[in-house]
Amino acid sequence: MNLYNIKHPEQQVNFAQAVRQGLGKDQGLFFPATIPQLSNIDELLALSLVERSQKILAALIGDEIPADKLNAMVKNAFTFPAPVVKVADNIYALELFHGPTLAFKDFGGRFMAQALATVRGDGKITILTATSGDTGAAVAHAFYGLENIEVVILYPKGKISPLQEKLFCTLGGNIRTVAINADFDACQSLVKQAFDDEELRQAIGLNSANSINISRLLAQVCYYFEAAAQLNTEQRQNLVVSVPSGNFGNLTAGLIAKTLGLPIKRFIASTNANDTVPRYLQTGEWQPNATVATLSNAMDVSRPNNWPRVEELFKRNGWNLSELGSGALNDAQTETALKAQYAQGYLCEPHGAIAYQVLKDQLQEGETGLFLCTAHPAKFKESVERILGIELPLPDALDKHNKLPLLSDEMDNDFATLRAYLLK
Ligand SMILES: *Cc1c(COP(=O)(O)O)cnc(C)c1O
């Protein structure tokens, strides 16, 4: 597989290099040089999630990774289903939250971990990351048990929810978690100092397992096919997909699926009050505001870092950005949407509620709508319980961790201490 840096197209890498490096020169994003057109979509849709995904990823990645290895990577990563559930007439939910950390990031995170373990080369690898909650859990679970990869996750002590902490600080093994006596920014700054320390980097093989890693997006392509596979031929004719968007990785993956030949009529980018993209699509002006905190906090992003990939894909395919639907909801509208879904008999959470409502508002006669549910309602337990006036039981996956002891170390906000800890 050949990829190029969108900022510096002369920088070209293969899949292994793109996975290992994450970002290119000048923080440029890597993008596939070619995306094949698949001719056998109906045959693919008849396969199981794992078998179909093995074929899709083989078509994208090419022969750089031997088939038996790639097949094992997919099988190890995709260990949970992505069911389509009917919510209203012509409207379906694609539930992406049945993985170990109950969010769609498990798909990308787990495949990235498998990819990194495969293309790593020799030498030690240490994944170092800072988290304010969710990404840490996804990274910890994705890398848990992989040989010769150490994971160190920093988080602000007392500043993440106790349930979030339990989810990733109870694993042990190759996962070390460190509660820093400071805020999230300080944790991020410690990580940055570590990456700036060339000697340390070499000594422990530092890697960020960053969210913009191309392997994540390639994995996410597969669940769009899985959704189509669960709809009938007629529903697939005029399929409109609404994607709750923050950094726009999820939407990029959907657009890659369409480029591969998956019949999706159009996409809708749904956001919260951080609506840089919906405003841009309406006015043609890119004017990010200061980020505001919302109920759908995983989408509190005003400068979405995957947006250049979306534009690149439109440009390369000769599509016009005016074909991309969009809509934004504020918190009050999100609450109304969540209640409306619940009245329909579907329990959701704020991110999925936004995708649902924007879809419902824009769906036309004769179209079938699909919205992506990116997190389990229990991950946003407090808001969901308050808005709907109900009590949510903890799902087994969370409950199991909730009963285990915390294994975190504690550390002051001091780089020298962290350095010694990493080298130990
Ligand atoms: C990360 C996340 C999103 C946003 O996805 P992007 O790919 O960044 O657009 C939406 N919902 C949830 C629950 C998330 O964790």
Side-chain angles (χ1 to χ4, degrees), residues 29 82 93-112 129 131-139 141-142 160-161 164 167-168 209-224 241-257 267-278 291 293-311 313 324 326-329 334 337-338 348-359 371-384 398:
L29 301 168
L94 172 62
E95 295 187 343
L96 299 172
F97 53 73
H98 296 282
T101 73
L102 306 179
F104 83 101
K105 293 198 171 70
D106 283 329
F107 278 97
R110 288 172 69 83
F111 184 71
M112 175 176 58
T129 185
T131 186
S132 54
D134 281 349
T135 43
V139 168
H141 281 264
I160 68 176
S161 84
Q164 274 180 328
L167 188 53
F168 71 100
N210 204 301
S211 68
I212 42 68
N213 199 290
I214 191 72
S215 58
R216 283 179 182 264
L217 298 189
L218 300 185
Q220 290 175 250
V221 168
C222 299
Y223 55 65
Y224 287 91
V241 181
S242 173
V243 185
S245 297
N247 269 320
F248 283 76
N250 213 348
L251 181 69
T252 309
L255 293 166
I256 294 176
F267 284 92
I268 301 176
S270 305
T271 73
N272 58 30
N274 297 287
D275 59 352
T276 309
V277 167
T291 308
T294 73
L295 286 169
S296 49
N297 56 34
M299 310 199 301
D300 290 351
V301 179
S302 57
R303 296 170 192 274
N305 57 21
N306 274 300
W307 185 254
R309 284 177 165 148
V310 172
E311 290 213 328
L313 212 44
L324 178 59
S326 71
L329 259 57
T334 305
L338 191 70
C348 203
E349 52 70 50
H351 305 77
I354 290 176
Y356 163 79
Q357 191 61 48
V358 176
L359 175 69
F371 66 98
L372 273 47
C373 287
T374 44
H376 191 288
K379 285 207 98 169
F380 296 88
K381 189 171 155 55
E382 276 122 63
S383 330
V384 173
L398 284 183

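Keep in mind that this is a model prediction, so the values were computed, not measured. Ligands are counted one by one from 1 in listed order, and the atoms in each one are counted from 1 as well.
- Residue-level proximity to ligand 1 for K379 is absent, since no heavy atom of it falls below 4.0 angstrom.
- When S270, G246, A138, C373 are ranked by how near their heavy atoms come to atom 4 (C) of ligand 1, first place goes to G246.
- Taking the side chain as every heavy atom from C-beta outward, T374 and K105 never approach each other to under 4.5 Å.
- Taking 4.5 Å as the limit, every side-chain heavy atom of I268 sits out of range of all side-chain heavy atoms of V241.
- Considering backbone and side-chain N/O of G249, one or more are found under 3.5 Å from N/O of ligand 1.
- The one candidate from T135, T101, T131 that meets the side-chain contact (heavy atoms from CB on, under 4.5 Å) condition with F168 is T131.
- With a 4.5 Å cut-off on side-chain heavy atoms, T252 and N250 do not count as touching.
- At least one N or O atom of F248, backbone or side chain, sits closer than 3.5 Å to an N or O atom of ligand 1.
- A 4.5 Å side-chain heavy-atom check between N272 and L295 finds every atom pair outside the cut-off.
- Shown in contact with A375 at under 4.0 Å from a heavy atom are these atoms of ligand 1, numbered in order with element: 13 (C).
- Between H351 and F380, the closest heavy-atom pair is CE1-CZ, 3.1 Å.
- Scanning the protein heavy atoms around atom 3 (C) of ligand 1, the nearest turns out to be F104 CE2, 3.6 Å.
- Taking atom 7 (O) of ligand 1 as the reference point, the nearest protein heavy-atom neighbour is N250 N, 2.9 Å.
- Of the protein's non-hydrogen atoms, the one nearest atom 12 (C) of ligand 1 is T374 OG1, 3.4 Å.
- The backbone N or O of L167 sits less than 3.5 Å from a side-chain atom of H141, completing a donor-acceptor pair.
- Checked against a 3.5 angstrom limit, the closest N/O atoms of K105 and ligand 1 fall inside it.
- Aromatic rings from F107 and Y223 are positioned such that their centres are separated by under 6.0 Å.
- Every N/O-N/O distance between H351 and ligand 1 stays at or above 3.5 Å.
- Remark: ligand 1 atoms within the under-4.0 Å shell around heavy atoms of S245 are 9 (O).
- Between E349 and S383, the closest side-chain pair of non-hydrogen atoms is not below 4.5 Å.
- Proximity of A103 to ligand 1 is not established, as no heavy-atom distance is less than 4.0 Å.
- Shortest contact from atom 8 (O) of ligand 1 to any protein heavy atom: N247 N, 2.8 Å.
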